[in-house]
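Okay, so here's the structure we're looking at.
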Amino acid sequence: MPQRSPRGPCVLIIEDFVDAREMYQVYLEYAGFCVYAAANAVSGIELALEHRPDLIIMDAGLPGMSGWEAVQEIKSDERLKNTPVFMLTGHVLTESREKARAVGADGFIAKPCLPDELLKVIESALSHRGKPGPW
């Protein structure tokens with residue numbers, strides 16, 4: 001596991017598709033972020049509890065525990081409830097955006113999402129902490 005970067009904040013990516021997870025991780029690390037990555041929600045929550053990232057990017061369609069369920073668990077945990085969580089998903093219908101809000105997500109990012117677009121959303125979210133993200 002990489003150590004927290006003195007150059008920038010820490011992001012946790014929870015994404016089961018290995019190519020997307022690695023692409024985002026490498027891009028964000030190159031941009032100066034400390035990045036942790038998990039292939040499923042259970043591992044992701046464990047990493048979140050261990051490392052307390054500044055922001056979590058959560059895929060919705062994960063094996064086992066879904067991203068929707070994971071956001072609810074994160075937001076109900078006193079240690080993590082203030083950590084911004086952004087849903088990153090191909091479920092782009094209005095119902096999915098509403099579901100993301102309902103489970104407590106702080107923002108919604110539609111796939112496909114290029115790494116530079118994800119970086120812009122993350123930087124904006126971190127600079128406007130405490131305000132709702134893009135829906």
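Quantities reported herein were computed from a predicted structural model and do not represent experimental measurements.
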Item to check | Test log, rule side chain to side chain contact (heavy atoms under 4.5 Å, CB included), inputs D77 and I45 | outcome: CA-CA 10 Å; D77 188 303; I45 291 170; over 6 Å; no

- [ ] Apply side chain to side chain contact (heavy atoms under 4.5 Å, CB included) to V71 and I74, showing your working.
- [x] CA-CA 5 Å; V71 172; I74 288 167; 5.6 Å; no

Evaluate the side chain to side chain contact (heavy atoms under 4.5 Å, CB included) criterion for residues R52 and R79: first the C-alpha distance (whole Å), next the side-chain angles of each, then the deciding distance (0.1 Å), finally the verdict. CA-CA 8 Å; R52 305 292 172 90; R79 299 163 291 179; 3.4 Å; yes

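Distance check, rounded to the nearest 0.5 Å: OH of Y36 to CG of L12 gives 9.5 Å. Here the straight-line distance linking atom CD of E29 with atom SG of C34 works out to 8.0 Å at 0.5 Å rounding. Interatomic distance, CZ of F86 versus CE of M58, reported as 13.0 Å (0.5 Å rounding). Going from atom OH of Y24 over to atom CZ of F33 covers 14.5 Å, rounded to the nearest 0.5 Å. Residue K99 holds its NZ atom at 14.5 Å from OG1 of T94, rounded to the nearest 0.5 Å. Note: L88 CG to F108 CZ = 9.0 Å, rounded to the nearest 0.5 Å.
Checking side-chain atoms of S66 against main-chain N and O of L62 turns up no donor-acceptor pair under 3.5 Å. Of the possible donor and acceptor atoms, one in the side chain of D54 sits under 3.5 Å from a partner among the backbone N and O of C10.
Evaluation of the salt bridge (charged side-chain N to carboxylate O under 4.0 Å, His left out) test over residues 59-75, restricted to residues two or more places apart or in two chains, returns D59-K111, K75-D106.
Hydrophobic clustering (side-chain heavy atoms under 4.5 Å, transitive across Ile, Leu, Val, Met, Phe, Trp, Tyr) groups L49 together with I56.
I57 has its side chain within reach of I109: a pair of non-hydrogen atoms, C-beta onward, lies under 4.5 Å apart.
Among residues two or more places apart in sequence or in another chain, the side chain to side chain contact (heavy atoms under 4.5 Å, CB included) test is passed with A39 by R21.
The two residues R97 and A110 have their closest heavy-atom pair at NH2-CB, 4.4 Å.
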Identify each donor-acceptor pair in which a side-chain atom of residues 112-126 lies under 3.5 Å from a protein atom, sequence neighbours left out, and give them as a table.
residue, atom, partner, partner atom, Å
E117, OE1, L114, N, 3.3

